[in-house]
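Input: a single structure, listed below in structure tokens.
Heavy-atom basis, side chains included; hydrogens, waters and symmetry copies ignored. Keep in mind it's a predicted model, so treat the numbers as computed, not measured. Naming: A, B, ... by sequence-line order, numbering from 1 per chain.
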There are 2 protein chains.
Amino acid sequence: MKILIVEDEPKVASFIKKGLEENNYDAEIAYDGLTAEKLCKQYNYDIIILDIIIPGIGGLSLCKKLKILYPYLPVLMLTALGTTDDKLAGFEAGANDYLVKPFEFRELLARVKVLIKTADQSHETINKLIIADLELDLYKKTARRGSTHIELTAKEFSLLEYFMRNAGRVLSRNDIAEKVWDISFDFSTNVVDVYVNFLRKKIDKGFDKKLIHTRVGFGYTFGD
Amino acid sequence: MKILIVEDEPKVASFIKKGLEENNYDAEIAYDGLTAEKLCKQYNYDIIILDIIIPGIGGLSLCKKLKILYPYLPVLMLTALGTTDDKLAGFEAGANDYLVKPFEFRELLARVKVLIKTADQSHETINKLIIADLELDLYKKTARRGSTHIELTAKEFSLLEYFMRNAGRVLSRNDIAEKVWDISFDFSTNVVDVYVNFLRKKIDKGFDKKLIHTRVGFGYTFGD
DNA sequence: TTTTATTCATGAAAATCCTGATAGTTGAAG
DNA sequence: CTTCAACTATCAGGATTTTCATGAATAAAA
């Protein structure tokens with residue numbers, strides 16, 4: 001677990017670093033915003049502990065910037081400013097948590113743990129659609145049914161994504177044609193049928209529980 | 001291994017120098033801060049052994065300064081001041097280790113070894129992206145696949161860096177064009193294709209396991 | 001200038017997508 | 001239980017799109 005501490009007071013910074021390292025975190029210190037940015041480019045930190053008052057760009061701006069570059073990187077803001085307005089400003093800048101100095105280290109540690117945990121969870125699920133034992137990886141553009149890896153073409157992928165995002169609902173051929181093919185009211189084609197068939201071969205064939213069901217006269221449903 | 005000893009007492013300085021040279025280190029002495037700075041500019045030292053009480057700028061300030069100029073250069077502080085506050089001041093100034101006089105040479109040697117080793121480790125990984133047997137050196141702007149050295153042009157480098165930082169993820173031509181070329185929504189160019197092709201020739205051609213994979217209809221993925 | 005790096009333009013090759021025909025199902029009416 | 005029309009599944013091929021690889025043109029650097 002890699003942690004970046006952005007803090008210009010060497011005492012505070014090294015105190016936190018030490019404490020974290022005692023808890024088996026891998027912590028590094030940046031004494032100003034620019035260094036922090038550079039380090040973020042170099043490493044994949046799991047969390048950033050960020051002081052608001054730092055040399056250069058300033059903590060709030062830095063936080064905003066980082067949130068654009070690394071949306072899933074949790075930021076714990078750390079500062080002496082303790083009014084509600086200050087806190088709100090921090091959260092507006094995208095902070096995930098806000099701790100006012102002075103603080104007990106135990107609290108900081110607890111909050112860090114929570115942030116890492118939740119970030120980890122959301123990061124893992126945010127890129128995936130999961131229904132039953134079928135998993136669609138939106139980053140890798142692949143699927144996994146149970147333990148078998150499935151490669152999909154672009155059209156198959158968008159069709160499956162549409163199905164999974166509307167699982168349980170009956171989708172007419174027209175709904176599907178509109179959303180996946182951007183065509184409407186064209187009854188001269190059977191592309192939808194054909195592609196549903198392709199998908200079935202890939203994700204249902206050989207598996208006990210079928211996920212794509214046809215509803216005669218209506219269209220298709222996805223799910224179990 | 002080049003070591004700089006910053007120490008104004010000639011007796012102590014030459015004692016350390018001798019000891020280090022006996023252990024096959026290449027040691028030099030600076031008797032004041034100014035000289036030390038100059039020498040650092042001229043040579044790439046692997047570690048600095050720094051006395052706090054030296055003529056001129058003073059050891060603590062010098063340490064801070066050096067740490068800004070050469071953040072990864074380890075500093076072992078050496079001094080007669082042994083209180084906790086003194087030590088903390090040393091660490092605050094950026095020292096990587098702090099040894100109180102009088103000391104046994106064996107201990108100094110051991111600490112020097114450790115510092116060089118850890119600096120080496122962090123220095124080695126800090127500038128590198130490694131995926132499978134491909135290593136991208138961010139400082140030298142070169143790559144290495146297995147044992148073969150690969151030279152890259154500027155664009156090839158940024159493309160490969162973007163690939164490696166997003167390994168496993170499918171990157172669309174647009175993603176790539178945006179991040180590497182700073183152009184968006186320009187479908188009239190095939191630069192991305194061309195450069196992916198250049199990269200393939202350099203890092204994949206002749207190797208068994210390909211690292212750049214095209215996902216027809218989606219873009220490219222990097223990794224194995 | 002010469003060399004090197006980058007971009008553009010092109011056609012061939014490959015993968016994907018779609019069409020249209022046929023075969024198979026379903027379920028309501030007889 | 002049959003029949004039959006409407007609906008659905010499947011397949012082969014050809015059309016289309018996407019990607020690869022190359023050489024030439026332009027821009028930048030030595």
Side-chain angles (χ1 to χ4, degrees), chain A residues 140-143 150-163 170-207 210-222, chain B residues 136 140-143 149-163 170-207 210-222:
Chain A
K140 296 183 180 170
K141 311 283 183 193
T142 59
I150 298 164
E151 291 276 325
L152 298 166
T153 71
K155 271 276 138 51
E156 290 166 355
F157 178 83
S158 10
L159 177 58
L160 182 53
E161 183 179 358
Y162 182 59
F163 266 137
V170 173
L171 304 168
S172 74
R173 277 148 227 274
N174 250 296
D175 291 338
I176 298 171
E178 263 181 51
K179 302 285 180 181
V180 181
W181 273 267
D182 275 318
I183 49 173
S184 48
F185 306 114
D186 179 359
F187 302 100
S188 67
T189 179
N190 71 334
V191 253
V192 176
D193 297 59
V194 171
Y195 269 83
V196 166
N197 194 37
F198 285 162
L199 258 194
R200 285 217 245 236
K201 276 187 192 160
K202 291 200 176 178
I203 69 161
D204 268 348
K205 201 165 197 177
F207 292 94
K210 307 301 180 191
L211 289 171
I212 300 174
H213 308 278
T214 98
R215 296 293 308 282
V216 178
F218 295 110
Y220 300 94
T221 331
F222 191 89
Chain B
L136 187 66
K140 297 182 182 168
K141 310 285 182 192
T142 59
H149 178 83
I150 298 164
E151 290 280 327
L152 297 166
T153 72
K155 272 274 141 50
E156 289 166 355
F157 178 83
S158 14
L159 177 59
L160 181 54
E161 182 181 358
Y162 182 57
F163 266 136
V170 172
L171 303 169
S172 74
R173 277 148 226 274
N174 249 293
D175 291 338
I176 297 171
E178 263 181 50
K179 303 285 179 181
V180 180
W181 273 267
D182 275 317
I183 49 173
S184 49
F185 305 115
D186 180 358
F187 301 100
S188 65
T189 179
N190 71 335
V191 254
V192 176
D193 298 58
V194 172
Y195 266 83
V196 167
N197 195 36
F198 287 164
L199 258 194
R200 284 216 244 237
K201 276 185 191 160
K202 292 200 176 178
I203 69 162
D204 267 349
K205 201 163 198 178
F207 292 93
K210 307 300 180 191
L211 290 171
I212 300 174
H213 307 278
T214 101
R215 297 295 310 281
V216 177
F218 294 114
Y220 300 93
T221 331
F222 191 89

Original post:
Using a heavy-atom cut-off of 4.0 Å to chain B, what are the terminal contacting nucleotides of DNA chain C, in 5' to 3' order?
Top reply: C:dA5 to C:dT16
Original post:
A:Glu178 versus A:Ile183: any side-chain heavy-atom pair under 4.5 Å?
Top reply: no
Subject >> Upstream residue (5' side of DNA chain D) when A:Val194 and B:Arg200 are each assigned their closest nucleotide >> reply: A:Val194
Original post:
B:Asp204 CG to D:dC20 P: how many Å, rounded?
Top reply: 12 Å
**OP:** Determine the minimum heavy-atom distance between B:Arg173 and B:Asp193, stating which atoms define it.
**Re:** NH1-OD2, 2.6 Å
Subject >> A:Asp182 CG to D:dT17 P, straight-line distance once rounded to whole Å >> reply: 14 Å
**OP:** In whole angstrom, give the distance that lies between atom CG of A:Leu199 and atom C1' of D:dT8.
**Re:** 16 Å
Original post:
If you round to the nearest 0.5 Å, how far is NZ of A:Lys141 from CD of A:Glu161?
Top reply: 7.0 Å
Original post:
Do the charged groups of A:Glu151 and B:Arg215 touch, with an N to O distance under 4.0 Å?
Top reply: yes
Original post:
Which heavy-atom pair separates B:Leu160 from B:Ala143 by the least distance, and what is that distance?
Top reply: CD2-CB, 4.3 Å
**OP:** Starting at OH of A:Tyr220, measure out to OG of A:Ser172 and round the result to the nearest 0.5 Å.
**Re:** 11.0 Å
Original post:
Roughly, in whole Å, what's the span from CG in B:Asp193 to P in D:dT18?
Top reply: 11 Å
Original post:
Considering heavy-atom distances to DNA chain C, does A:Asn190 or B:Gly217 have its closest nucleotide positioned more toward the 5' end?
Top reply: B:Gly217
Original post:
Going by the angle between their ring planes, with limits at 30° and 60°, are A:Phe222 and A:Phe163 parallel, tilted or perpendicular?
Top reply: parallel
Original post:
When the ring planes of B:Phe218 and A:Phe157 are compared, do they come out parallel, tilted or perpendicular, using 30° and 60° as the limits?
Top reply: perpendicular
Subject >> Atom-pair distance (OH on A:Tyr195; C1' on D:dT8), nearest Å >> reply: 18 Å
Original post:
Could you give the distance from CG (A:Leu199) to CG (A:Leu159), rounded to the nearest 0.5 Å?
Top reply: 4.5 Å
Original post:
Looking at DNA chain C, which of residues 150-161 of chain B put a heavy atom within less than 4.0 Å of it?
Top reply: B:Thr153, B:Ala154, B:Lys155
**OP:** Report the distance from atom CZ of B:Arg215 to atom C1' of D:dT17, rounded to the nearest whole Å.
**Re:** 17 Å
Subject >> Angle between terminal axes - the helix from C:dT1-D:dA30 to C:dG30-D:dC1, 5 pairs each end, rounded to 10° >> reply: 30°
**OP:** Give the intermediate values and the outcome of side chain to side chain contact (heavy atoms under 4.5 Å, CB included) for residues B:Ile150 and B:Leu152.
**Re:** CA-CA 6 Å; B:Ile150 298 164; B:Leu152 297 166; 4.0 Å; yes
**OP:** Give one of base, sugar-phosphate or nothing for B:Val196, where a contact means two heavy atoms less than 4.0 Å apart.
**Re:** nothing
**OP:** Could you grab the distance from atom OG of B:Ser158 to atom CD1 of B:Ile176, nearest 0.5 Å is fine?
**Re:** 11.5 Å
**OP:** Figure out the CZ/C1' separation between A:Arg173 and D:dA6, and round it to whole Å.
**Re:** 12 Å
Subject >> Presence of A:Tyr220 side-chain N/O under 4.0 Å of D:dC7 phosphate oxygens OP1/OP2 >> reply: no
